[in-house]
Every structure is written in structure tokens, then in C-alpha cells.
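Order of listing sets the numbers, starting from 1, for every ligand and every atom in it.
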Amino acid sequence: MSTKLAVPAPQDLSQEVAEWIEAFDEVIVAEGPEQGAELLQALRQRAREAGVSMPVETATPYLNTIPKHEEVPYPGDRALEDRNEALIRWNAMAMVHGQNKKDAGIGGHIATYSSLATLLEVGFNHCFHASYGNQPGDFIYFQGHASPGVYARAYLEGRFDDDRLLHFRHELRGKPGLSSYPHPWLMPDFWRFPTVSMGIGPLNAVYQARFMRYLENRKLIEKTPRKVWAFVGDGETDEVDTLGAIGLASREKLDNLIFVINCNLQRLDGPVRGNKRIIDELEGIFRGANWNVLKVIWGGDWDKLFERDHTGLLLKRMEECVDGDYQAFKAKGGAYLRKEFFGKYPELLALVKDMSDEQLADLHRGGHDPAKIYNAYKRAMEHTGGPTVILAKTVKGYGLGTTQARNASHQEKKLTDEGLTAFVKKFNIPLPEEAAKDAKPWRPAQDSPEIVYLQERRKALGGYLPQRTVPPTTFKAPDLSYFAEWTGGSKGREVSTTMGFVSILRHLLKDPAIGKLIVPIVPDEGRTFGLESAIRQVGIYASEGQKYQPHDVDMLLYYREELDGQILEEGITEAGSMASFTAAGCGYANYRIPTVPFYMYYSMFGFQRVGDMIWAFADARGKGFLMGGTAGRTTMLGEGLQHQDGHSHVLSSTVPTCVSYDPAYVYEMAVILQDGLRRMYQEGEDCFYYITMYNEDYAMPELPEAGREAIVEGIVRGIYKFKAAAKGKPTAQLFGSGPILNEVVRAQGILAEKYGVQADVWSVTSYNELRRDALAAERWNRLHPTEPERQPYLLKALGGAKGPIVAASDYMKVQPDSLAPWLSSRLVALGTDGFGRSDNRQHLRAHFEVNAESVVAATLSKLARDGKFDAKKAQAAFAELAVDPERDDPARQ
Ligand SMILES: Cc1ncc(C[n+]2csc(CCOP(=O)(O)OP(=O)(O)O)c2C)c(N)n1
Ligand SMILES: [Mg+2]
């Protein structure tokens, strides 16, 4: 027999709740909302003390953050703005539609911009400033695949003609085209920020806003009300990059930063959160990170329904629905909405009984209501003390008929004839019939009222956007004599190229002309690279100064944080550091100040980890120095598989504007840095440098006086003879890079002393540059068969040097192999293919077969194959050199 547990009957608290609410209302009416908040806070505190636990509230009701009664009237001419927006929508859609009609598969997107149009138009008409004094205005990170809309607006503004529009995604037809997405590399007068790799835009925007403050606090630019606006897709928020730095934005109180998240509830394949509501989720995340969150969910036509709903059922019903439902409501039309949404409660059905299905279908979401958007933008611009995110609910494919809010809408490129006609009708577009039928670009005359209005608005806001201009360069790079201390060698003192670099950096920081422009960046690796003295010298940037007494203040090299500190110590974030590098590396265009960033990091965590950001940096025409520290698979000892980099130079070769170097000695480093400053900042070349630096200490030779010019040219172009054979004619040529050059020099000695083989030693500072030069010469020769052949620099430098080439470096074999096509005999490549290991340099170099002994063995073996050395002797030499011919290939272990 079972006994039922006595469960206390649930108490009806409704009377009590009503009394509490009444009392609370009285406080608000009599004392104001602040007192209301205080009361609640006190109650929460009391509850905590009494042990009453309550769930943390991360989301507020599914309503607009700004209540109707707090809204200000819309400042613009709605009729004219609607007309222009409709025309922009038309031209954006026509551009994609038309291009796919004439060139099937050329692609483009129509659904994204259709959801974003009003959000952008309110900004263009009322918020986006194009200039502040002599500085560029607001920075806008556009959703990349909404670019047709941005082009269409520029067309209406008269910045592009019909022909330009007709060259959307046709960039190779002998006329200026329009790039698929925002690419400053392709449209350098127009786009500033590459954004289409999801997540990169918002991350870069956060660090851009921070860098703006950095420049202001260091008094390099004036403080202005300039904003960084980042338009972000709701699907894009799944990228870790999108949300990864939002904590930094609030910590740094970046009230110059505004995120607008276009919550059309969809991404490419389907709903972003079919079973939940993305807006609630994002609200919680951003509120938790201390952002000012403004939700723009419902348009003005819903306000009327809210006013008439005294039951609270409308909000209740809204909060019962998930995004999958909301998507269906927009995809399936008014009758469906009536049945499935309002139909759940008779009271709600009654609320809309006087509305037609069409009117129901037309009930707007907040992100399509200019007044709601404007109010949110205004609040965001006026907000102080932290960043703002606007969560705007929109419809993907808004107004595109059967394409609207469909899972497949992202991929739609074309409309049917009926779709085109319906589009014209829906947006009331005053379009000549011919243009409508053929989906042709069309704009009214420049003196028509709508265009006059459009121009006036932009004039009032300082000009057109987006727009990228670069001031003429006035930068004067120091010449090589300025670096005499470092080209003079270390006088026997054992140092690393990293130490050499840091002391050059400190010297540059002291320079009265360019010192202030230097921006050192580190992701929590300052000590690894010996930056302590630089920290003492110029301080770490801290937007709040140093509020504490550092424990090491008595020490000479204490941890010094300053409001005008110069070093960006980013903490453990290579992505964040790369974003800072991007902001600083584009300072010459975006702030008209040629800031020179030096980003120092573990070379393993650069191209391998943030490669796509580096690609975007190149697209943005970024300049500066990426300094890959603790480089090399064998020089970086002890750390093993995850830390030892033997491939970043392979990856850096893939970025067209990246000039990479793998110097062995400090004088090479000095020559490269000098040349980099000259090329990028004095000559204005749009490229950037990747330089590996190592932590192995050895005596640094000096840049020889004899033949100095040729050596300097060789360093810059990628190769020069470092040490000729001691006597007689060389029968082999040895290439070395980075610290492995020392192994190669040692091999030269062993070969001569033990085996009577004379060899020259060459320092190869850049396989990538040598290959690019050779490819260019080869291409020219291919295209000019009647002209005398051009010789690649590599062959010019080698000058017919005799004998096989054995090349060794701390990087993969593919590097020297990349020169093979231009060499008369097969080059022998030694390199560090395979996974790293934890051991010391001696063992690592033996393991990867890049030590002096392996170089000797490889040279003898090659000479034997070529019939220039006795094969048996070569085989016997292996034992003397402790090279085991039967051991497993390190590349496969
Ligand atoms: C890193 C990266 N991954 C994938 C893509 C391909 N892609 C382009 S747009 C898109 C969907 C975007 O959805 P959302 O961010 O919600 O933007 P919406 O178009 O809905 O406004 C995807 C997956 C990309 N551009 N970048
Ligand atoms: Mg989306």
C-alpha cells in the first residue's frame, strides 16, 4: 500500500503580487525610475541574504528596449527617404539579377542587403559622418555580402555610372569593375575594411575603436565623436572571432563602438537558432559583457496592437514563439500569421479582426522601421562609458516575394518576371517599364527632389561613404648608417637576432622624428623577447593609467602602465593582436598617420593561427612588420611539437604583398628593417614584412665594408655570398638561412678539412623573394620570345658558381626546392619537414638532418652521385659524421 505524500496546496499569491506592484508603481511615479531601481536592488540583496535563489536574468521581455513614449520624432523626410531606399533596393537587386542573367553562376547576394537596407539608409541619411576636420569620419564595417546595396547607393549619389554597375563581378573586362565584396586591394578609393570572411569585421572593429582611443590618449590625433560602426550578421555571431573581444570593448569603455547585428534569424543553410530566439541569446551575452544593449524588434505598426492589448497576451504569444516560427510567419504570409500566431488566443484574433491578411503580412519588424532604428542609433551615439550593440530584427529577403524568409533565400540570385513586377509594386518604385522588365539599373536625374535630398544629407554629414583616401607620404626613413651599431657586429658577444631586433626597436622608439609612430604589439610574450627594457622606456598603454602600485616598482624594469604608454600588450590573444596590427598597419590611410606596427609573437602562432586575418590585412593594404619570434623547428628548443615552427615561411609565401625574410645575423636584420621602412613608409609601397627572429645566441659578424653595396642588395633581394671557399676552386655551393647558416659554415670547414672539398657558403635571406623575382623574369621571357632573356636575380648572384647546391634551413624543404626550376642541376634541400620534438638544438638538428654533419653528408653524397667524389668514401663518411643512413625519415615520424 502506498501513501501519498502530503503536498501543500499552491497558494494563490495574485492578490499579494498586485499589491506589491501597486506599491512599486507608486514609488516610480512619486520618486522616479532611479528610486525604483534602488528598491529592486535592495530587495534582491535581501533575498540573497535570506537564501532565496533566483535565476540570473539575462534577457528582458521580447520588446523594443526604447519604449514608444521615449521615442523622438524621425528627423528626416520619410517619403523621400523611402523612395531613395526603394531605388537602392532596386539597383542592388537588378545588379545581381542582371549579372547572373548574362553570366550564369557569377553569383552575388540579394537577400542580405534586402534585410539590411533600412538599417544602412537611416545611418547614411542621419548618422554616418564622412569627415572630422582633416580626419576621416566614422568607420563602417559593412556586412560583406551586402555590398550590392552599398554600390547601388553610390550609384544614386552619382559616384558610379551605369557602366560601372554593369561591371559588378566583372573586374577583368578592361574597365573599372565592382568587386564582389569589400576589398580595398581591388577598390582602394572606396572600401576601407575587408569584412566578408565572417568574424573578422567585428573583431577588427573592436580593436579599431581601441586603437582610436590609443591614438587620442597618446595625443597623435584629436579626440572626436567619431564612431566605429560594425554591421554584423546574426549567423556571423557563431564565429568565435565575432564575440571573442567584446569583453575588451567594455573593459576599455569603448563608447566609440557600435555593433548593429542584423537579426534576420537566418544564415546560409537555415535558421540561426530555429528552436530558440537569437536576439535573447545575444542580449544575454552582450549584457553579461557589460554592453549597452538596444533591441529593435517590432516596428511602429505593432505599437498600435500593443496599445489595444490589455491582456498581456500579445507579449506572451511572442515569447512562446521561437525563431523557426517567426521565419515561417514571414515566409508563409498574412493568413498563416493570423491562424498560427494570433489564432492561439481568441483575444488576439479579435485584436486583428479588422486587418486584412495583407496588412498582417506587412506588420513590420523593427529593423525595417526607420523611426525605431533612428531612435536606437541616436541612443547609441549619445551613450557614454561603453560600447553599444543594437539587435535589430529583420527579414531576410525582405520584399523579394517567394524568396522572403526562405531557408534557401541566401543563395537566390535571380527573380522571376512576376517577382520583378511584384518588387516594383511593393516598393512603389517609379521605374520606366523597360527598366523594370529588363532589371536594368535606373536612377532619377540629379536635380530630382529625391536625389537633391540624398545629396543634401550626405553634404550635411561631410561627404560620401565609404571612401578611402591616402595622404601623400612625408615619412623619411633613416638610412643605413643610422643602424651602424647593429651593422657593426657584436664584437664577439653572443646575442640572438631577437635581442638585436629589440635593441633596434628601442633605438627607433627614441627617434625624435619617427619614434612616436612606432607601435610595438605583443600577446603576453614581452619577456620572451626581452622587451622589459622597452616597457620601462615607453610604457604599456593602459586607458586607465596604473591604478595600483606595481609590486616591482623598486626595480629598474618594473611593469609600467601609462595612459600614454606606447606598447600594446594584448594579453594572450594572437587574433586580438593581429587586429591591433591591422588597425595600426592601416593608420596611414585611416588616421592619416603612418603608424609603424611591430607585432612580435611566437612564429608558430602567426600565419598558422591567424592566417585569414593576415590575408585580410594584406587586402586592406596594411603595412608594418610581423616579427615571428622563437622561430625555427630546431632553434626553438625544448618546447616540442606545438611550438616549433618550420612552416610559417611557406605560408607567408602565399600572401602576395608579404615580403618575408629569414635572416641569420643582426646586420641582415638591420638592412631589412631599414629597407622595409623605406619601401613601405617613404616610398608608399603597399606591402608588409614578415621577419623571423631566433633565440639562439652567437657572435654576430659585421656587415663587411668590402663589397658592402652588393651585399646589402643581396640581403634585400634574398641571397649573397657569405663566405667563399678558403682556397682553390669550390666544387660545391652551400646555402644557409637563419641560425642554420652557422651549421652550414661549420660544414664548409669539415668538408675542407676532412674531405678536401672546397665549398662556398651563401646566406639566403629570402627564398620567397628569390622565387618571386625568378617567376617574374620567367614570365617576361615567356611573353617576349624575341627579346634577349632576362636573368633572375638568383642566377645573377650565383654568377655561374660551380658544383651542386646543398641548401639547409630551419624551415621546410619546399623553400629551397622552390628555386629548383632555375638551377642547372638538382638542388639538395635539407629542412625540417615533420613534427617537432622536445629536445635541445643539437639533437633536434641531428634529428631533422640540418646540422653541419648532415650538410657535409648530403654534399658528399651528391658529389658522389655526380661522379665527383668516391661513393664508397661518401658512404664511409656517414659513420664518421654520425649520420645513420637507415634511420626513419623524420618527415614521416
Ligand atoms: C569565415 C566564413 N565562413 C563562411 C562564409 C560563407 N558565408 C557567407 S554569408 C554566410 C551566411 C551569413 O549569415 P549571417 O551572418 O546571418 O548574414 P545574413 O546574410 O543572414 O545577413 C556564410 C556562411 C564566409 N563568408 N566566411
Ligand atoms: Mg542572418
May I ask you to list the protein N, O or S atoms found at less than 2.8 Å from the Mg ion (ligand 2)? D234 OD1, N264 OD1, Q266 O
Given S114, G235, A146, which has its nearest heavy atom closest to atom 16 (O) of ligand 1?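 It is G235 whose heavy atom sits nearest to atom 16 (O) of ligand 1.
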Quick one: which of E236, H410, H145, E239 has a heavy atom closest to atom 15 (O) of ligand 1? E236
Can you sort out which atoms of ligand 1 are near S197, meaning under 4.0 Å from one of its heavy atoms?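 With S197 as reference, the close atoms of ligand 1 come out as 1 (C), 26 (N).
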Within ligand 1, which atoms have a heavy atom of N262 less than 4.0 Å away? 21 (O)
Positive for side chain to side chain donor-acceptor pair (under 3.5 Å) with Y398, one of Q404, R365, K330, H364: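 Considering Q404, R365, K330, H364, a side chain to side chain donor-acceptor pair (under 3.5 Å) with Y398 is found only for H364.
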Minimum side-chain heavy-atom gap E81-E121 below 4.5 Å: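 E81 vs E121: side chains apart.
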Around atom 25 (N) of ligand 1, find the nearest protein heavy atom and jot down its residue, atom name and distance. V196 O, 2.9 Å
Can the positive tip of [X] be found less than 6.0 Å from the middle of the six-membered ring of [Y], inside 45° of the ring normal?
{"X": "K227", "Y": "Y377", "answer": "no"}
{"X": "R458", "Y": "F128", "answer": "no"}
{"X": "R468", "Y": "W191", "answer": "no"}
{"X": "R226", "Y": "F139", "answer": "yes"}
{"X": "R89", "Y": "F423", "answer": "no"}

Check this for me: does any side-chain nitrogen of one of D362 and K426 sit under 4.0 Å from a carboxylate oxygen of the other?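 Salt bridge: yes.
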Hey, would you say the Y155 and F168 ring centroids sit under 6.0 Å apart?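 No, the ring centres sit 6.0 Å or more apart.
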Any N or O of [X] that comes nearer than 3.5 Å to an N or O of ligand 1?
{"X": "M198", "answer": "yes"}
{"X": "S115", "answer": "no"}
{"X": "V272", "answer": "no"}
{"X": "K396", "answer": "yes"}
{"X": "R267", "answer": "no"}

Between the side chains of R169 and Y181, does any donor sit under 3.5 Å from an acceptor?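 Result is yes, a qualifying pair exists.
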Just checking, is any N or O donor in the side chain of Y151 or S179 under 3.5 Å from an acceptor N or O on the other one?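 Judged by distance alone, the side chains do pair up.
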Quick one, T112 with Q143, criterion side chain to side chain donor-acceptor pair (under 3.5 Å). Give me CA distance, side-chain angles, the key distance, then yes/no. CA-CA 9 Å; T112 299; Q143 267 187 281; 5.4 Å; no
Any idea which part of [X] is under 4.0 Å from ligand 1, heavy-atom wise: side chain, backbone, both or neither?
{"X": "L268", "result": "both"}
{"X": "Q143", "result": "side chain"}
{"X": "D234", "result": "both"}

Within a distance of under 4.0 Å, is there any protein heavy atom near atom 6 (C) of ligand 1?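 Given the 4.0 Å limit, the answer for atom 6 (C) of ligand 1 is no, no protein heavy atom qualifies.
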Check the orientation of F342 and W302. Use parallel for under 30°, tilted for 30 to 60°, and perpendicular for over 60°. parallel
